[in-house]
4 protein chains.
Amino acid sequence: MQRALNEKAKDKRKSHVLKCAEQIIQEKGLENLSIASVAKKANLAVGTIYLYFPNKEDIIAHLAIKSRKVLLQEFQASTVHLEDSLEKIRGILLAYLDFCKKYTFYYELVSFYESGLGLEESKELLEASKKLTAFTANIIREGKEQGTIRREINEKEFAFLLWGTAVGIAQLIHVKPTLLSAELEKDNDHFYFSYINLIIKSLSY
Amino acid sequence: MQRALNEKAKDKRKSHVLKCAEQIIQEKGLENLSIASVAKKANLAVGTIYLYFPNKEDIIAHLAIKSRKVLLQEFQASTVHLEDSLEKIRGILLAYLDFCKKYTFYYELVSFYESGLGLEESKELLEASKKLTAFTANIIREGKEQGTIRREINEKEFAFLLWGTAVGIAQLIHVKPTLLSAELEKDNDHFYFSYINLIIKSLSY
Amino acid sequence: MQRALNEKAKDKRKSHVLKCAEQIIQEKGLENLSIASVAKKANLAVGTIYLYFPNKEDIIAHLAIKSRKVLLQEFQASTVHLEDSLEKIRGILLAYLDFCKKYTFYYELVSFYESGLGLEESKELLEASKKLTAFTANIIREGKEQGTIRREINEKEFAFLLWGTAVGIAQLIHVKPTLLSAELEKDNDHFYFSYINLIIKSLSY
Amino acid sequence: MQRALNEKAKDKRKSHVLKCAEQIIQEKGLENLSIASVAKKANLAVGTIYLYFPNKEDIIAHLAIKSRKVLLQEFQASTVHLEDSLEKIRGILLAYLDFCKKYTFYYELVSFYESGLGLEESKELLEASKKLTAFTANIIREGKEQGTIRREINEKEFAFLLWGTAVGIAQLIHVKPTLLSAELEKDNDHFYFSYINLIIKSLSY
DNA sequence: TATGAATGAGGATTCATTCAT
DNA sequence: GATGAATGAATCCTCATTCAT
């Protein structure tokens, strides 16, 4: 009991630290995330951060996990009221666009996936990612049953295709927004909508 | 008399340094690229590097430019013998796959696009990037004239869609190769082929 | 629990670092003052220095401020027991001579006045300097009231004249002491006394 | 004969290099004087500079010597048409003011006097300095003979007093020009004129 | 648990000087 | 004589991590 309570308190602190780290990244980018800056924002001492996280990498890993969990929730929220599977796909892609706008730093955490994380962390990150692709794969399976999505599509594979391409497009928008809107003579949301249509079209008969 | 190294010789040295920097990135990633490591690999003193490049950023910019130039050449080589536009699209996507295998670090240079580079370098990088998208856009225009690619497609926009999604897919393969092949129960080339088909399908009638 | 070093303790550390920096300058001159040398003399790590000072310039600024504060104290101490204004002028000039012997590096900090210091420091340095000239100007004003100093003298201006010439003479003594004593066939204190007489004479009726 | 010609040519080169070094200092200050910058301005290779000067310090020493020689010439030019000794003193102090305006970097070379120069250079620098003080001392001696300057003044000593105070005042003006004019509510030339009057007064009966 | 002072390796960049040609 | 490429020590500064309290 006592222990459980401690665990809870500990988790609260951990998520507080993570929230602060998130803010730092939002404000100054991943490469400017320093333990000192997190400690300052969290009103904690540097050493205290290390009571909750073994190292900086671990914080980033937790952030990556957390962001995937949040994203999953937004996927669910954005599809719960929809029937049509293609509309659900559109829903999660729009949710992802919103997510990227809100967490502009997110794309920086994607490439962090590989780093030498502790096994435990790595597993959790894996789980969170798998849930995301599983969620997508499930929509596709439903669509195939509904008859709105082509039967020959491999659900899991397409889920990864969707994940990979969406991240790529978001990154492109993030990294060269002005070039993009200048070249295409339309705003970047429109560009993203075109991407959604590309995906929808490739799913449809 | 130690004559002024003619431009050719100087360029050779520069290329040598760039090649070494490339190797470092391949081995240890962009964030572990240090001037000292480049110097060591190039068998040069630290100061010598600065004889050829004003700063580290400039080296990265040159690498980004170089990679785009090489990529353009490979795009050209992979399409020169083809007639059908859709086949040409397949050609460049396959060329990009080969390119990514050869330059596994490449995706790290993509996000470097924006950084505060010197104007000249920045311009050159922009040019190199534009040539890549222009090359793709041109194939699509041809395809529309040939009647093999849907007329309602915006060439330039699709070129960016292709670029963004291809980078995303390559990154996904690079960052979690084992997860991917385990989950999909096939090798990652097959996954990439599915991506190509997705693109081809979305271009076709 | 390692409590927050209270301000006093922190100030003690800062003073210690400053004292070490002073010694370095004494021994090797301002242009040979390096953070590494300070750290070594202070038995601290390089990074520790940066815990107390944001950068090297700030250390120099503090030294400049400190030296002016010390000088002001010595001005006060050397005049507190005197009545006659001209004697007070003689007093501060003698105090300055002692000061220069003790802090032989001082003249190097004079020309540092202008550098791009942080606003706060710069302001404090300005204040410290102004207090010095104000102190001198005040003595002159008193002397004019007493009738010992010529009424047509502009107090502030003369304070600056005194400051400028005293620094110049001290510098001359510092930079070519042997030449000076050899040429003049007397020791450099006598030379300085002549300087004092020059000033006194120009103040008197 | 051949040798003499070579010597002449060599001297020409040397003074060309010195002139370029002077310009660099004028433009960017003594601490930004680099051999590379001198070489560039002189249209010479770095190594060539070292054919004429054993090291950077030597260049600076030559500059110090040269500036004193130029100053001596200007002292002579500014007094040649004058009879009265006090006017001559005023003349050389005005000449010094002009000199400082023209060679704004000059004060930086003063404190370089002491550095570990080669004996030969050091001796030449000494000679040049001595000529300056001798010139001043001579004027004072004349004045004493004329009856315009107080007989009890030690000529040589006063020459050094003049040199030391003039440098100090010039330095003060150079280092905090805005502070000075703001505090005194007059321009810095006026401040310098007050300095001249101080000197004249202390020389007169 | 919590603190935050201390560490010190590591990174980018500069520049006087040398030396092979 | 002349060149200029090459050197590498030196400098400032950062920051993840540790540890005594």
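In the text below, chain A, chain B and the rest are named by the order of the sequence lines, each starting its count at 1. All values reported here derive from a predicted model rather than from experimental measurement.
Atom pair N32(B):CG and dC15(F):P shows a separation of 15 Å (rounding to whole Å applied). In this entry the distance linking CD of E31(C) with P of dC12(F) reads 12 Å, nearest Å. The interatomic distance linking I60(C) (CD1) with dC12(F) (P) rounds to 9 Å, in whole Å. dA12(E) atom P lies 11 Å from atom CG of L30(B), rounded to whole Å. Note: CG (N55(B)) to C1' (dG11(E)) measures 14 Å, nearest angstrom. For L51(B) and dT18(E), the CG to P distance is 17 Å, given to the nearest whole Å. Atom OH in Y52(D) sits about 18 Å away from atom P in dT17(E), given to the nearest Å. As rounded to whole Å, 10 Å separates atom P of dT17(E) from atom CG of D58(D).
Of the candidates dG1(F), dA6(F), dG4(F), dG4(F) carries the atom nearest the A45(D) side chain, counting heavy atoms from C-beta on. The L44(B) side chain lies nearest to dT7(F) when the options are dA2(E), dT7(E), dT7(F). Ranking dA16(E), dA5(E), dT11(F) by closeness to the S34(C) side chain, first place goes to dT11(F). Of the candidate nucleotides dC13(F), dA16(F), dG11(E), dA16(F) has the atom lying nearest to any side-chain atom of K56(A).
Between dA2(F) and R13(D), a contact under 4.0 Å exists linking OP1 or OP2 to a side-chain N or O.
The line from CD1 of I24(B) to CD1 of I35(B) is 10.5 Å long, rounded to the nearest 0.5 Å.
When heavy atoms are screened at a 4.0 angstrom cut-off, L33(C) is found touching the sugar-phosphate backbone but no base atom. Note on T48(B): a base of the nucleic acid sits closer than 4.0 angstrom, heavy atoms only.
Remark: dT21(F) base-pairs with dA2(E). Criterion, Watson-Crick or G-U wobble with two distances under 3.5 Å. Across all strands shown, the partner of dA12(E) is dT11(F), judged by Watson-Crick or G-U wobble contacts whose two distances both fall under 3.5 Å.
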